[in-house]
Amino acid sequence: MSAQSAPANDRMETIVSLAKRRGIIFQSSEIYGGLNGFFDYGPLGAELKRNIRNAWWEDMVHRRDDIVGLESSIIMHPRVWEASGHVEGFTDPMVDCRESKQRFRADQLFFAPVVVVGEDGAETTIGYVSALESEDTAADLQARAEDLKRKLGARGTLKPLVVADITAAHPEEIEKIPSPATGKPGSLTPPRSFNLMFETHVGALRDASSVAYLRPETAQGMFVDFKTIVDTTRVKLPFGIAQIGKSFRNEITPRNFIFCSREFEQMEMEYFIHPDADWFACHEEWLQWCRDWLISIGIPADLLSFDEHPKEKLAFYSRRTVDIMFRYPFGVQELWGIAARSDYDLKQHAKHSGKPMEIFDEATKSKVVPHVIEPAVGVDRILLAVLCSAYYEDEVEGEKRTVLRFHPRIAPYKVAVFPLLKNKPPLVERAQALYRALKRKYNVFYDESGAIGRRYRRQDEIGTPWCVTIDFDTVEKDGTFTIRDRDTLEQQRITEDQLFAMLEEKLG
RNA sequence: GCGGGCAUAGUUUAGUGGUAAAACCUCUGCCUUCCAAGCAGAUGUCGACAGUUCGAUUCUGUCUGCCCGCACCA
């Protein structure tokens, strides 16, 4: 039975338990009761995460000619976030309906006073109407206003409605605006805003002038440092800047294990292209690249899908955004966002800093502000996807077996080395020699405790792809030992040279 | 942020107004020639803080965390 067939909740809890039990991932600050939205990666989790990071960096930066790396600081000048729109835009004012317990985004909740003009020309406000944003919000409100007039039996003619979203409402008006959920006034709260950026202070003085933010994304580093990189590295369009690093968002409700946490690690790449280049084709190429990459580290293609953001939901500076979705146990959710971001960010920084954000393009002999294609992904989300797709339970000779089928490239340990028996010194010596030889090049594990079958199962549970066992034939006959495959359980006899050659081939 | 449920060992669970147990895991020894064997032993637990009480893991409150639903999600 694969983990995918178990009930969603159980499957996720099982994976969370395993992660804890084997020291892969656990809650931050557990001895103090834990802290919501923060996680620690234990010895195995740290290896797994590092391997994912390294694989991405190797493929994205080292193995390409057109992408360079960057590590920008987590705390940047606060004006960076004014230019990027995060100081304003990361604030989502929300309105709650106390009665129905529903919550609405304030900028999507519209209202209008209903004003009737009497025969004598006097204007009377008979009440308020409200409606959520829809295909035709104005028509909805109009219909409700007419309804209200009819119900109250008001005489006179309706004045044309003045529609505004609820952020524009006066506090005394909030009390009179009906909740779109119940149709009755008096249950709405004033709009309350949540800024998702963590604030801190730089320097000893703690006042408004010392406020700084922990970055909510790594991308701005690439834009802010764009000019310096262009001036110092001889890059030519099209080219990319890649960065891996921590970002922080003060999420209202962190959920689903490490899927949505308050401190997370991003791998982002900004690919700069000529403004006249075929951005759509470039976007498509990156979509494909990212999907192929996920498959290359062992994520099954059938758990992946694309989600194209509808035009009306795009941020105003985005021409197109497509998310690569993954079928997590708790549902199909975003894994990797690939956005065509236009030249918005560079132009914003040019405007706010007063420094030109241009590059001289040899091909067209012109100075241009490039456009950007941005594949942005969370290391933690990839790790979760990897963990969920690697988890299997099967049966071996009537016993349940838990196995993590990690791709060898990202498995924490590549090989485990066992002496068949630990009370036979020649076996132990030979096993330890092999262990030391392997360790120079790979992360490997040595284990001599317990029955051999138990040792195999322990490695299965942490996803070690191969186990080798030194037996009497190894030391008395031909030097060969058995290598046992995690997924097929097959055993073969091979020599040390063959083992190294195989690892070179599978991991190189 | 709202509503509901939950919190006992690393994991899964039992249990009690008189400071707690099992299985698995882990560790040690014996044994063991390839898939969680056996025997002997060992480590380790009532989420936190108050209150009631002679005494609270148990009752009450607050907090924290986890799960589910709603809402939100760059």
Side-chain angles (χ1 to χ4, degrees), chain A residues 7-10 12-14 16-23 26-38 42 84-86 89-106 108 181 189 192 194-197 215-217 219 247-257 259-260 264 266 313 315 318 321 323 330 333-334 337 339 376 378 394-403 418-424 427 449-461 467-474 476 481-486 489-493:
Chain A
N9 190 19
D10 292 0
M12 201 58 219
E13 274 178 19
T14 307
V16 172
S17 292
L18 175 66
K20 168 94 184 281
R21 181 154 42 90
R22 287 304 182 180
F26 36 86
Q27 223 185 358
S28 162
S29 315
E30 269 195 324
I31 61 167
Y32 291 103
L35 188 59
N36 187 265
F38 296 90
S84 71
H86 286 86
F90 250 44
T91 308
D92 299 319
M94 306 293 296
V95 173
D96 288 321
C97 169
R98 294 190 196 93
E99 194 170 322
S100 67
K101 308 298 179 196
Q102 285 195 59
R103 164 172 288 187
F104 313 100
R105 265 177 62 174
Q108 291 175 358
T189 64
R192 293 175 290 188
F194 307 85
N195 192 305
L196 296 181
M197 281 197 293
R215 67 181 175 202
E217 61 174 32
S247 293
F248 304 83
R249 292 179 196 176
N250 203 354
E251 296 290 345
I252 300 166
T253 315
R255 276 277 166 99
N256 293 326
F257 199 35
F259 178 79
C260 183
F264 57 104
Q266 289 186 300
K313 282 201 165 178
S318 176
T321 299
D323 286 331
F330 46 83
Q333 297 278 345
E334 309 91 46
D394 58 16
E395 211 166 273
V396 178
E397 295 177 15
E399 295 275 359
K400 182 187 140 191
R401 181 178 81 126
T402 299
V403 55
F418 312 142
L420 184 57
L421 299 170
K422 78 167 169 183
N423 56 358
K424 300 286 186 283
L427 298 186
S449 86
I452 192 75
R454 175 183 298 276
R455 285 179 261 164
Y456 285 142
R457 298 297 176 83
R458 276 200 279 248
Q459 296 306 313
D460 291 339
E461 224 179 44
C467 297
V468 298
T469 301
I470 305 297
D471 58 22
F472 289 102
D473 282 1
T474 317
E476 290 169 2
F481 41 75
T482 56
I483 179 165
R484 177 261 198 188
D485 185 280
R486 177 194 65 201
L489 305 180
E490 277 169 16
Q491 300 192 22
Q492 288 177 42
R493 293 202 75 87

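Throughout, a chain's letter reflects where its sequence line sits, starting with A, and its residues are numbered from 1.
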Atom [atom1] of [X] and atom [atom2] of [N]: how far apart are they, to the nearest Å?
X: R454(A); N: G38(B); atom1: CZ; atom2: C1'; answer: 11 Å
X: E461(A); N: C25(B); atom1: CD; atom2: C1'; answer: 9 Å
X: R255(A); N: C67(B); atom1: CZ; atom2: C1'; answer: 8 Å
X: L35(A); N: C63(B); atom1: CG; atom2: C1'; answer: 14 Å
X: D473(A); N: U33(B); atom1: CG; atom2: P; answer: 14 Å
X: R455(A); N: C25(B); atom1: CZ; atom2: P; answer: 15 Å
X: K422(A); N: C34(B); atom1: NZ; atom2: C1'; answer: 17 Å
X: N36(A); N: C73(B); atom1: CG; atom2: C1'; answer: 15 Å

Taking for each residue the nucleotide of RNA chain B with the nearest heavy atom, is it R493(A) or F257(A) whose nucleotide lies nearer the 5' end?
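Result of the comparison: R493(A).
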Could you check D485(A) against E251(A) and say which one's nearest nucleotide on RNA chain B is further toward the 5' end?
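Result of the comparison: D485(A).
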Donor-acceptor pair present, [X] side chain and [N] base, under 3.5 Å:
X: R484(A); N: C35(B); result: yes
X: Q491(A); N: C34(B); result: yes
X: T482(A); N: C34(B); result: yes

Between U26(B) and R458(A), is there an OP1 or OP2 to side-chain N/O distance shorter than 4.0 Å?
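Yes, within the criterion.
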Counting just side-chain N and O atoms, does Q27(A) come under 4.0 Å of either OP1 or OP2 of G65(B)?
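No.
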Checking base pairs now: Watson-Crick or wobble, both atom distances under 3.5 Å. What partners [N]?
N: C70(B); value: G1(B)
N: A40(B); value: U28(B)
N: U57(B); value: none
N: C6(B); value: G65(B)
N: U12(B); value: A22(B)

[atom1] atoms of [N] and [M], separation to the nearest Å:
N: G44(B); M: C27(B); atom1: C1'; result: 11 Å
N: G15(B); M: C30(B); atom1: P; result: 40 Å
N: G10(B); M: C46(B); atom1: P; result: 9 Å
N: C59(B); M: G69(B); atom1: C1'; result: 30 Å
N: U13(B); M: C70(B); atom1: P; result: 25 Å
N: G17(B); M: U12(B); atom1: C1'; result: 27 Å
N: A23(B); M: C6(B); atom1: P; result: 28 Å
N: A37(B); M: U28(B); atom1: P; result: 16 Å

Sequence neighbours excluded, which residues qualify as salt bridge (charged side-chain N to carboxylate O under 4.0 Å, His left out) partners of E251(A)?
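If we apply the salt bridge (charged side-chain N to carboxylate O under 4.0 Å, His left out) test to E251(A), skipping adjacent residues, there are no hits.
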Using a 4.0 Å heavy-atom cut-off, does Q266(A) contact any base of the nucleic acid, only the sugar-phosphate backbone, or nothing at all?
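Since no nucleic acid heavy atom lies under 4.0 Å of Q266(A), the category is nothing.
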Within the 4.0 Å heavy-atom criterion, would you say L489(A) contacts the bases, only the backbone, or no part of the nucleic acid?
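Base contact.
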Under 3.5 Å: donor-acceptor pair, side chain of [X], backbone of [Y]:
X: R455(A); Y: G450(A); result: yes
X: R458(A); Y: G453(A); result: no
X: D471(A); Y: T474(A); result: yes

Select one nucleotide: of C68(B), U33(B), U32(B), the one nearest the side-chain heavy atoms of N423(A).
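Nearest to the side-chain atoms of N423(A), counting from C-beta on, is U32(B).
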Looking only at the side chain of L421(A) (C-beta and beyond, no hydrogens), which of the listed nucleotides C66(B), U33(B), C35(B) gets closest?
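Nearest to the side chain of L421(A) among the choices is U33(B).
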Interatomic distance, E490(A) atom CD to I483(A) atom CD1 [nearest 0.5 angstrom]:
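Taking CD in E490(A) and CD1 in I483(A), the distance rounds to 11.5 Å.
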Approximate separation, where rounding is to 0.5 Å, of I470(A) CD1 and L427(A) CG:
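Answer rounded to 0.5 Å: 8.0 Å.
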Contact string for nucleotides 8-13 of chain B, one letter per nucleotide 5' to 3', B = base within protein heavy-atom range under 4.0 Å, S = sugar-phosphate only, - = neither, reads --SSS-
Is it the case that the side chains of E217(A) and S247(A) hold a donor-acceptor pair, with the cut-off being a distance below 3.5 Å and no angle test?
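Note: S247(A) and E217(A) side chains miss the donor-acceptor criterion.
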Report the C-alpha distance between R401(A) and D394(A) in whole Å, list the side-chain angles of each, state the deciding distance to 0.1 Å, and finish with yes or no for salt bridge (Lys or Arg N to Asp or Glu O under 4.0 Å).
CA-CA 5 Å; R401(A) 181 178 81 126; D394(A) 58 16; 3.0 Å; yes
Among residues at least two apart in sequence or on other chains, which ones pass ring-ring contact (aromatic ring centres under 6.0 Å, His included) with F481(A)?
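Listed in chain order: nothing, the list is empty.
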Is any side-chain heavy atom of R484(A) less than 4.5 Å from a side-chain heavy atom of Q459(A)?
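Answer no - side chains too far apart.
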